[in-house]
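Written out below as structure tokens is the structure these notes cover.
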Amino acid sequence: MIPSEDLLRIAHWARLLPADEIERARRGVTLRTLSKGGYLCHRGDVLDAWTGVISGLLSLGSTTAGGKSATYAGLSPGMWFGEGTLLKNEPRRYEVIALRETRVAVMNRKTFDWLFENSVGFNHFLLRQFNERLGQFIALVEHDRTLDATARIARNLAWLLNPALTPSAGAHIEITQEELGLLSGLSRQAANRALKTLEEQCLIKLERSGVTVSDRGRLAAYGD
DNA sequence: GCATTAACACGTA
DNA sequence: TACGTGTTAATGC
């Protein structure tokens with residue numbers, strides 16, 4: 001259980017809810033810290049919770065039988081995820097790993113179900129989030145085969161800062177080039193080259209342990 | 001050709 | 001000192 005002020009700070013969707021629903025929500029949320037490399041869940045786990053990233057960075061991906069790992073998306077502060085698994089009541093299909101020490105907020109299933117059944121504001125948020133994710137998925141199947149390293153980095157960066165999913169995030173994100181490489185399936189060196197290319201085109205500004213995006217629209221459409 | 005790993009130099013927290 | 005970054009060299013598909 002966490003105070004209402006904390007919930008409002010870490011969960012932008014809470015602002016869509018009336019006071020009584022915020023009260024209900026905060027009672028079902030606990031905080032947890034994952035250390036670097038730690039698993040939030042493995043593939044096949046039944047994780048009975050909905051999760052929000054407070055600080056740090058998570059990667060969502062899978063590992064093949066051969067031990068090869070693939071990352072599908074980064075989860076940055078402000079993002080909430082896992083609703084698909086909860087609504088379908090099935091095991092997690094992916095694994096979620098902390099790329100660095102990460103604070104998460106965990107909402108238990110009972111609370112999630114109650115909000116889903118009773119809160120109009122909560123459902124508006126879920127629908128909006130589904131819509132945004134569907135848009136990303138469509139873009140992925142449309143262009144994935146032809147994307148080069150620079151475009152993959154550009155897309156991952158744009159996704160991490162999607163204002164519909166992380167309205168609290170500005171144009172700046174704290175992420176190392178190595179972490180961006182992990183998310184994009186590239187080595188640190190290749191990620192560095194791709195980022196330099198994007199910086200030369202004035203789409204981003206590189207900083208130590210961070211990137212500031214100057215033109216998110218062009219970044220998201222890079223390579224199209 | 002483009003990506004990967006390994007290695008090293010450099011600046012900063 | 002440890003870490004993030006920028007670069008180069010050797011190697012693989």
Side-chain angles (χ1 to χ4, degrees), chain A residues 9-10 31-40 42-43 52-79 94-104 136-163 165-166 168-224:
Chain A
R9 193 164 59 243
I10 63 183
L31 303 181
R32 209 180 137 189
T33 301
L34 299 167
S35 48
K36 181 175 180 176
Y39 281 77
L40 179 71
H42 292 84
R43 189 190 173 108
V53 182
I54 300 170
S55 66
L57 187 65
L58 300 176
S59 87
L60 181 151
S62 64
T63 307
T64 62
K68 276 192 174 179
S69 67
T71 300
Y72 304 127
L75 299 163
S76 54
M79 288 192 186
Y94 310 107
E95 55 193 25
V96 177
I97 307 171
L99 292 183
R100 58 170 179 258
E101 184 172 287
T102 299
R103 290 280 282 166
V104 293
Q136 288 188 350
F137 176 74
I138 296 289
L140 188 66
V141 294
E142 197 176 357
H143 300 292
D144 192 41
R145 290 171 188 284
T146 59
L147 287 183
D148 64 7
T150 311
R152 288 215 300 278
I153 288 274
R155 174 147 304 166
N156 270 288
L157 255 182
W159 283 3
L160 287 172
L161 292 172
N162 184 330
L165 297 178
T166 59
S168 53
H172 176 83
I173 182 170
E174 256 186 57
I175 189 169
T176 65
Q177 299 183 356
E178 181 169 18
E179 289 165 342
L180 265 173
L182 286 171
L183 293 180
S184 310
L186 295 168
S187 66
R188 179 181 69 82
Q189 294 89 329
N192 176 256
R193 278 194 298 276
L195 286 164
K196 289 251 163 212
T197 304
L198 293 174
E199 188 175 42
E200 277 168 24
Q201 297 171 19
C202 297
L203 295 174
I204 62 171
K205 177 114 175 52
L206 292 177
E207 295 127 25
R208 186 184 168 80
S209 304
V211 179
T212 296
V213 173
S214 18
D215 192 337
R216 192 189 163 270
R218 274 174 65 208
L219 204 61
Y222 195 94
D224 288 359

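The structure presented is a predicted model; accordingly, all values stated were derived computationally and were not measured. Numbers restart at 1 for each chain; the letters A, B, ... are given by sequence-line order, proteins then strands.
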For the side chain to side chain contact (heavy atoms under 4.5 Å, CB included) test, which of A:Arg32, A:Arg103, A:Arg9 pairs with A:Ile54? A:Arg103
How long is the gap from [atom1] on [X] to [atom2] on [Y], to the nearest 0.5 Å?
X	Y	atom1	atom2	answer
A:Leu182	A:Ser59	CG	OG	7.5 Å
A:Leu219	A:Asn156	CG	CG	10.0 Å
A:Leu183	A:Leu57	CG	CG	5.5 Å

[atom1] of [X] versus [atom2] of [N]: gap in Å, rounded?
X	N	atom1	atom2	value
A:Ile175	C:dT5	CD1	C1'	15 Å
A:Glu101	C:dC3	CD	C1'	16 Å
A:Glu178	C:dC3	CD	P	11 Å
A:Lys196	C:dG4	NZ	P	17 Å

Quick one: label A:Glu207 by what it contacts on the DNA or RNA (base, sugar-phosphate, nothing), any heavy atom closer than 4.0 Å. sugar-phosphate
Any chance CD of A:Glu174 has more than 12 other-residue heavy atoms, nucleotides or ligands included, within less than 6.0 Å? no
Give the minimum heavy-atom separation between A:Ala191 and A:Ile153, together with the two atoms involved. CB-CD1, 3.9 Å
With the sugar-phosphate defined as primed atoms, P, OP1 and OP2, and the base as all remaining atoms, what B/S/- string results for nucleotides 3-13 of chain B, 5' to 3', for protein heavy atoms under 4.0 Å? SBBBB---BB-
Look at A:Asn192 and C:dG6 and indicate whether a side-chain polar atom (N or O) is within less than 4.0 Å of OP1 or OP2. yes
